[in-house]
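Heads up, the thing below is written out as structure tokens.
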Amino acid sequence: MSSDKTTAARRRPRGRSLLAVVGALTGMALTVVPLSTATAASAATSSAQGQGTRVSAWSPSMTTGGPSFSNQTIRMVVHSSVAGSGVRITLSNRYSPSPLDIDAVDVAVQASGGEAARGTTRNVAFGGSTQVTIPAGEEAVSDVIPISVSAGENLLVSLYVPGTTDTSTWHSDAFDTTYIASGNHTGDDGADAFGTTTTSWYYLAGMDVVSPNAKGTVVAFGDSITDGYHSSTGTYTRWPDFLGRRLEDEPGPQKLSVVDAGIGGNRVLTDVPNLWQGVSALKRFGHDALGQPGVKDVILFEGINDIGNNAGPDGAPLTAQDLIDGYRTLIDEAHAAHVDVIGATLMPDEGNGYYTPHAEALRQDVNQWIRTSGAFDGVIDFDRTMRDPANPTALDPAYDSGDHIHPNDAGMKAMADAIDLRLLHT
């Protein structure tokens, strides 16, 4: 991407705010406990396993309302953004109303599809036991697994649920393939038993590693554009994926991992009526962004769903100041945790159902504040990068997936290329 299509403000000095902020789970309709001790443990940035820094290698944001399972094995693909050893996985029952019993979990290198490379399967334990019960609203971080992973490598995580579960904690839009079998097939190298496929992740909320080179984690936090909507399934062409590959391709060892905390339909200020689209950013930011192992930077790119739905606080119409106040709350929360927040301008959407003259005026006001307020530690101008030069209120046709709001794969790459890496802790 040429320099005239890239706008990025350099990181500015600033103090750390100690203002009170909205708690990550305050006011949730679901019965979910605060951050568990397991989650707190997973946030450690170093490891006694050897030299290096513990960083998050892969971590989708989870929501409620997933399907139930009964006597089934769920095999999911994990695409690592960084190389490392000392692998741990996180299983989440955070948004489920009943305890979750899991009888077996293993990790293997993916050969192809749901097939594991022979000889690579490793059993996973939790506190020394291969069985684990996760209370409602809680998460469990595994013991260290004796397996290493390369940047861009895929692992298969298989978990066996012996009984009948309640609604699952899940990530609906994985843009990857998950394989499901009846009975316990966690130890199978082959995929013959896995006769059902979906494109969601269930219960599996993260993988962290000890990296010998990476010094921290970048969290891409947002909605469906960050989640990868309309990107090609199984090709890892979301803009955070492209950003991870850019960091890997930089001269010298890779300095940062990248994880994708996008949820389709998510909003900054309010919960979405469709429960699988997540609680508000104000409620989930502390867990999904600041709770990541080794987090150094958050790229905050969210707000178009607030604008498109005219969804202000307490059912009122949205104002630009409402959204700005929400951003300031997230920035204060991050700064209190010694994490930088890089703001990204909201992209144009003329031709999509969200577009109205009023919504466009809100978007322009919010973008102007993002660019000029100095509240963020840096700015990425996705609006400038992605707009049609002949019609700046619409996406560039070369980057439009067809719905006039979500980029195609080329657009996702253009977004990643528009990020000035000097903004990050490289």
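The chain is numbered in sequence order, starting from 1.
In this structure, Asp223 and Ile263 have side chains that are not in contact, with every pair of non-hydrogen atoms separated by 4.5 Å or more. You'll find the side chain of Tyr160 reaches within 4.5 Å of the side chain of Asn71, heavy atoms only. Taking the side chain as every heavy atom from C-beta outward, His230 and Pro407 never approach each other to under 4.5 Å. You'll find the side chain of Leu269 reaches within 4.5 Å of the side chain of Asp322, heavy atoms only. At least one side-chain heavy atom of Val105 sits under 4.5 Å from a side-chain heavy atom of Leu91. Residues Val107 and Val87 are not in side-chain contact: their nearest non-hydrogen atoms beyond the backbone lie 4.5 Å or more apart. Residues Val149 and Val209 form a side-chain contact, since some pair of their non-hydrogen atoms from C-beta on lies under 4.5 Å apart.
Residues Thr164 and Ser70 have side chains that bring a donor and an acceptor to within less than 3.5 angstrom of each other. Residues Tyr229 and Asp403 bring no donor and acceptor atom of their side chains to less than 3.5 Å of each other. For the 3.5 Å distance criterion, the side chains of Trp276 and Thr64 fail to qualify, holding no donor opposite an acceptor. In the model, Asp349 has no side-chain atom that pairs as donor or acceptor with a side-chain atom of His404 under 3.5 Å. When only modelled atom types and interatomic distance are considered, Gln364 and Glu360 share a side-chain donor-acceptor pair under 3.5 Å. Between the side chains of Gln110 and His79, no donor-acceptor pair is found at a separation under 3.5 Å. Checked by atom type, the side-chain pair Thr198/Tyr202 shows a donor-acceptor distance below 3.5 Å. Between the side chains of Thr345 and Asp381, at least one donor N or O lies within less than 3.5 Å of an accepting N or O. In summary, the side chains of His406 and Asn352 do not present any donor paired with an acceptor at a separation below 3.5 Å, with no hydrogens or angles considered. Judged by distance alone, the side chains of Ser96 and Asp166 never bring a donor and an acceptor atom under 3.5 Å apart. For Arg284 and Ser61, the side-chain atoms include at least one donor-acceptor pair closer than 3.5 Å.
Closest non-hydrogen pair, Thr270 versus Gly312, comes out as CG2-O, 3.6 Å. Closest approach of Ala344 to Ile370, counting heavy atoms only: O-CD1, 3.7 Å. Closest approach of Arg422 to Asp420, counting heavy atoms only: NH2-OD2, 2.7 Å. Summarising the geometry of Gly326 relative to Leu282, their closest heavy-atom pair is O-CD2, 3.9 Å, with the distance given to 0.1 Å. Ala334 approaches Phe285 most closely through the heavy-atom pair CB-CE2, 4.1 Å. Between Leu395 and Pro348, the closest heavy-atom pair is CG-O, 3.7 Å.
In this structure, the separation between OG on Ser231 and CE on Met412 is 5.0 Å, given to the nearest 0.5 Å. To the nearest 0.5 Å, atom CZ of residue Phe175 and atom OG1 of residue Thr237 are 9.5 Å apart. Atom-to-atom distance recorded for Gln72:CD and Leu159:CG is 11.0 Å, nearest 0.5 angstrom. Atoms CD1 and CZ, on Ile380 and Phe301 in that order, are 9.5 Å from each other to the nearest 0.5 Å. With rounding to the nearest 0.5 angstrom, the CG atom of Leu256 is 11.5 Å from the CG atom of Asn213. To the nearest 0.5 Å, the span separating OG on Ser224 from CD1 on Ile405 amounts to 6.5 Å.
A salt bridge is absent between Arg387 and Asp396; no separation between the charged side-chain nitrogens and carboxylate oxygens falls under 4.0 Å. Under a 4.0 Å N-O distance rule, the pair Arg238/Asp241 qualifies as a salt bridge. For the pair Arg363 and Asp383, the salt-bridge criterion is met [side-chain N within less than 4.0 Å of a carboxylate O]. Using a cutoff of 4.0 Å between basic side-chain nitrogens and carboxylate oxygens, Lys413 and Asp417 are scored as salt-bridged. Using a 4.0 Å cut-off between a side-chain N of Lys or Arg and a carboxylate O of Asp or Glu, Arg267 and Asp306 do not qualify as a salt bridge.
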Inset, instruction - Determine, stepwise, if the pair Thr90 / Glu139 fulfils side chain to side chain donor-acceptor pair (under 3.5 Å). - result: CA-CA 7 Å; Thr90 297; Glu139 296 182 327; 5.9 Å; no
Legend entry - Step-by-step side chain to side chain donor-acceptor pair (under 3.5 Å) determination, Ser81 to Trp58: CA-CA 7 Å; Ser81 66; Trp58 176 90; over 6 Å; no
Inset, instruction - Under the side chain to side chain donor-acceptor pair (under 3.5 Å) rule, what do Thr130 and Asn123 come out as? Steps first, then yes or no, please. - result: CA-CA 7 Å; Thr130 56; Asn123 294 328; over 6 Å; no
Inset, instruction - Begin with the C-alpha distance, continue with both residues' side-chain angles, and end with the deciding distance and a verdict on salt bridge (charged side-chain N to carboxylate O under 4.0 Å, His left out) for Asp340 and Lys296. - result: CA-CA 6 Å; Asp340 282 354; Lys296 298 292 186 183; over 6 Å; no
Legend entry - Working for side chain to side chain donor-acceptor pair (under 3.5 Å), residues Gln277 and Asn274: CA-CA 6 Å; Gln277 295 182 318; Asn274 297 328; 3.2 Å; yes
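Classification of the Phe194-His185 ring pair by plane angle, with boundaries at 30° and 60°, yields perpendicular. Aromatic ring pairs are classed by plane angle as parallel below 30°, tilted from 30° to 60° and perpendicular above 60°; the pair Trp369 and Tyr327 is parallel.
Using a distance-only test at 3.5 Å, with no hydrogens or angles considered, a donor-acceptor pair links the side chain of Ser200 to the main chain of Ser172. Remark: the backbone N or O of Glu153 is not paired with any side-chain donor or acceptor of Ser150 at under 3.5 angstrom. The backbone N or O of Thr177 lies less than 3.5 Å from no partner atom in the side chain of Thr197, so there is not a single donor-acceptor pair. The backbone N or O of Ala398 sits less than 3.5 Å from a side-chain atom of Asn408, completing a donor-acceptor pair. Remark: side-chain polar atoms of Asn93 are not paired, donor with acceptor, to backbone N or O of Gly137 under 3.5 angstrom. For Thr165 (side chain) and Val161 (main-chain N/O), no donor-acceptor pair under 3.5 Å exists by modelled atom type. Side-chain atoms of Asn266 come within 3.5 Å of backbone N or O of Val279 as a donor-acceptor pair.
With ring centers used as reference points, Trp170 lies 6.0 Å or more from Tyr95.
Here the options are Ser257, Ser211, Ser59, the test is side-chain hydrogen bond (donor to acceptor under 3.5 Å, both in side chains), and the partner is Thr217; only Ser257 passes. Paired with His171 under the rule side-chain hydrogen bond (donor to acceptor under 3.5 Å, both in side chains), one option of Asp176, Asp227, Asp260 passes, and it is Asp227. With Ile299 as reference, Leu243 is the one residue of Val341, Val219, Leu243 to meet the side-chain contact (heavy atoms from CB on, under 4.5 Å) rule. Results of the side-chain contact (heavy atoms from CB on, under 4.5 Å) test with Ile342 over Val218, Leu424, Val298, Val379 single out Leu424 as the only residue that passes.
Within a 6.0 Å sphere centred on CZ of Phe69, heavy atoms belonging to other residues, nucleotides or ligands number more than 12.
Stacking of Arg88 on the aromatic ring of Phe126 is not recorded, the 6.0 Å distance cut-off and the 45° axial limit not both being met.
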